[in-house]
Structure formats: structure tokens, C-alpha cells
2 protein chains.
Amino acid sequence: MSNRLDKNDWVLAGLKTLSRDGLEAVRVEPLAAKLKVTKGSFYWHFKDRKALLTAMLSLWKREATHAIIDEVERRGGDAKTRLRALFEIVLQSNGKLELAIRAWATTDKTVANTLKTIDRRRIGYTENLFQELGFSSLEANARAHLAYHSLIGQYAMGHNQPGLGPKAQFDAVFTMLTRKPK
Amino acid sequence: MSNRLDKNDWVLAGLKTLSRDGLEAVRVEPLAAKLKVTKGSFYWHFKDRKALLTAMLSLWKREATHAIIDEVERRGGDAKTRLRALFEIVLQSNGKLELAIRAWATTDKTVANTLKTIDRRRIGYTENLFQELGFSSLEANARAHLAYHSLIGQYAMGHNQPGLGPKAQFDAVFTMLTRKPK
DNA sequence: ACGAGACCATACGCTACCGTATGGTGGGGA
DNA sequence: TCCCCACCATACGGTAGCGTATGGTCTCGT
């Protein structure tokens, strides 16, 4: 058995403590301690702390860009079905990692730009679903933003029990969002 | 002219850098430099760094609990008017300070509890307005949560230009939230 | 005007972490 | 087998910030 680590082990450990304790907690020596090695290992794999952070962001970006949308499309169904699936899937996560990255973005422009790109993509996808449902461009846009903001808001507040919360409330919200105007 | 500082000057400076650069940036020596004094001053006013943080939280709590709700009630009007006023007022802020405090709350239980109390109060107030509009308890609750989550979500994303954003979108959202079910 | 106390400067020791330099080790390919 | 090199330990010097100790100075009340 080989206890030796590779670059990815460090990135994973970094994302884990980022999610748990925030950016300031991902420091090389404490991280090394958790991995039962010393920082000698770290500096073999990475130039410096910043290089680790960059790698962490890039891994998260790959994941965050595709994972959920792909899963929704895999399940298929009409627009309303996919919309409901989308909500159900994103509410399964407690959003702790994403929240930590969002906090990180407030002091790092690169992270902020990455996040902006992802936000746009996800909102755009949601907006398209609403348009498929027959909403005008404006109405779809307003609904997609409302839904997405609400999701991020739930991440930002506790929301610690993953899941949908009370079903009646969820249905009320879903009905509101998918109800045609006029 | 007296350049001497009192406790409140430190708290204000602390909140300012908390809002700008996050919790980790509010440290006594850099803060002293910004205030053109040395930490000798700081440790006269506060026992330690934690005491400053506590004072900051407590000041913010006082402000955040009453300010907005009081302003809405001062303006008066029927429930729909007050609801619209509420949305307009809260969207005037870019929410940077509140966002920083929310990030802080992820690693500090005291902060988390303070925030939970405030969240409940604000959601409760909003829920009451929806009930005044004739919504059932369940419908009012769902709408208040949706609106509040959405607000926090906007804070958590850039939203850097204070203001309401495109009026048409705002109206679409407001219409959606205040439209009776059935 | 003068003492007291509020406010501040300076100097010190301590800890946590960064990044570098250098040498050790164990497992897989020639 | 043995040697190479990917991976790791150790030791070092440097910086930033914490909190303490001690003494200086400005200002206000009497």
C-alpha cells in the first residue's frame, strides 16, 4: 500500500477545509498535518500556496459548470419536469463549498470572474427552461433570476439540512414561478 | 482639534474593513495604521481582538434589527405599499457588510445565532405584510421566504450597483409575489 | 495652573505561517 | 538486482500579527 500523495489529494483536502472553515483556513502547514505529512511534500507538488488555490478553483469550476445541468438533461422530460428536477437537485446540496468560494470571490477578482461566468451560464439555462414553458423573454429572465437568487440565498443562510424543506412551501413557490401572467 | 479616538471609532473602522476586505483583514495593527495610531491605543480601549469583534457585531445587530423595518413603518401606507417600500429600501444597499457578517457566521456560532434571530425577525415582518394582503399563512410564509432568500442571494452575488435594477424585471417579480393563488 | 486620568508610543517576547535548501527513502522499471 | 526519482522530512531564516509592560503626553475639571 502506498501512502504517498499526488497533487489531486492536496487539492481535494484544500477544497474540504475551504468548505468547512473558509479560505483563511487552507494553509500549507495545517493542511500537511491533516494529511499526515510535512510541508516538504506540499512544496514538491506546488510552487506556493497560491498555486494550490488556483488548482482548487479550477477543479471546482470544471465540476460546477457541468455537473448539475448535465444531470438534469440526462433525466430529460419536458421543460416543467426538468425545471422541477433542477430545483430538487440543487437543493440537495447544502452549498457550503459554493458559499465559501463566493466569500473568497469578494477579495479575489479571478475568483469573482469565474463565478460570474458560472452564474451567467446557470441563469441562462434556467431562463431557457422558462422560455420553453412559454414565458416571454422578460418574464423568463425575471423568474430565472428570482429562482437563482433564492437558491444562493438559501446557501448563504444555514439551510443545513439538505433537502427541499416543507413540501407545501416548495410547491407554493414552484407554482408561483411557473404560473403564466395576466 | 482633538485627534484622539474613542471606542466607537475603532468599532466603525472595524466594520468598514470588515465590509471591504472580510473578517481576516480586521487585525489590530493594520487597523491602528489606518487610524494613524499604534496598537497601544487599541489595547487601552479593548481587552483583545475578540473584544473588538464582539463590539462590532453588537453594533451591527442593533442597527440591522430595527433600521429598515422602522423606516418602512414610518412611511406608512397599506400593506402593498409597505411591501414595495421594503423591497426598494433593502435593495438600496449593496449588502457588502451583511455579506461579510454572514461569511463570518460560518465559523462563529455566536454570529450565526445573532444572524438567525435577525433573519427570523425580518422574515416574520415580511410574512405579516403578505398576510395583511390576504394570503394564507402557508402562502405568506412561502412568499416571505422566497423574497428574503432572493435578497440575500443578490447580496451574495455582485449586485454592486445599488438600486433596483431594470424596473420591468422588478415589477414582474413584485407582481408574481403579490398575485393571489387559486 | 496643576493634578488626574484618558489616550497613545515604544519595546519586547511569543506564535503561526511562509518559502527555501538539502538530504533521505522506498518502490518500480531496465 | 539496483538505481533512479518521485515523494517526503528536517532545519532554517524571515514576516506579520498578538498581547503585555511601561512610560509619555494632552486635556479637562477644579
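Numbered from 1 within each chain, the chains take letters A, B, ... in sequence-line order.
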Gap between atom [atom2] of [Y] and atom [atom1] of [X] - 0.5 Å precision:
X      : Y     : atom1 : atom2 : value
A/E63  : A/S58 : CD    : OG    : 12.0 Å
A/L31  : A/D9  : CG    : CG    : 11.0 Å
A/E132 : A/D78 : CD    : CG    : 9.0 Å

For the pair made of [atom1] in [X] and [atom2] in [N], what is the distance, rounded to whole Å?
X     : N      : atom1 : atom2 : answer
A/K50 : C/dC17 : NZ    : C1'   : 18 Å
A/K7  : D/dA6  : NZ    : C1'   : 14 Å
B/E24 : C/dA16 : CD    : C1'   : 13 Å
A/R49 : C/dA16 : CZ    : C1'   : 13 Å
B/F46 : C/dC8  : CZ    : P     : 11 Å
B/L5  : C/dA6  : CG    : C1'   : 12 Å
A/E29 : D/dT15 : CD    : P     : 16 Å
B/K47 : D/dC18 : NZ    : P     : 14 Å

Given [options], identify the nucleotide with an atom nearest to the side chain of [X].
X     : options                : value
A/R4  : C/dC17, D/dC18, C/dG26 : C/dG26
B/V37 : C/dC17, C/dC8, D/dC8   : C/dC8
B/S41 : D/dC18, C/dC8, D/dA6   : C/dC8
A/T38 : D/dG19, D/dC8, C/dA9   : D/dC8
A/V28 : D/dG17, C/dC8, C/dC18  : C/dC18
B/W44 : C/dC8, D/dC7, C/dC18   : C/dC8
A/D48 : C/dC17, C/dG19, D/dC8  : C/dG19

**Report entry** Residue mapping more 5' on DNA chain D - nearest nucleotide basis, A/D6 or B/F42
**Finding:**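 Of the two residues, A/D6 wins.
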Query raised in the report: Toward the 5' end of DNA chain D, which comes first, A/K39 or B/Y43, by nearest nucleotide?
Result: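 Final value for this comparison: A/K39.
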Query raised in the report: Would you say a side-chain N or O of A/H45 is under 4.0 Å from OP1 or OP2 of D/dC8?
Result: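 Result: yes.
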Query - A/K50 and A/D108 ion-paired at < 4.0 Å - result: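 Looking at A/K50 and A/D108, the cut-off is not met.
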Query raised in the report: Do NZ/NE/NH1/NH2 and the carboxylate oxygens of B/R27 and A/E24 come within less than 4.0 Å?
Result: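 Salt bridge absent between B/R27 and A/E24.
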Query raised in the report: Quick one: the side chain of B/R27 and the base of D/dA16, do they pair up donor-acceptor inside 3.5 Å?
Result: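 Between D/dA16 and B/R27, which were checked side chain against base, a qualifying N/O pair under 3.5 Å is absent.
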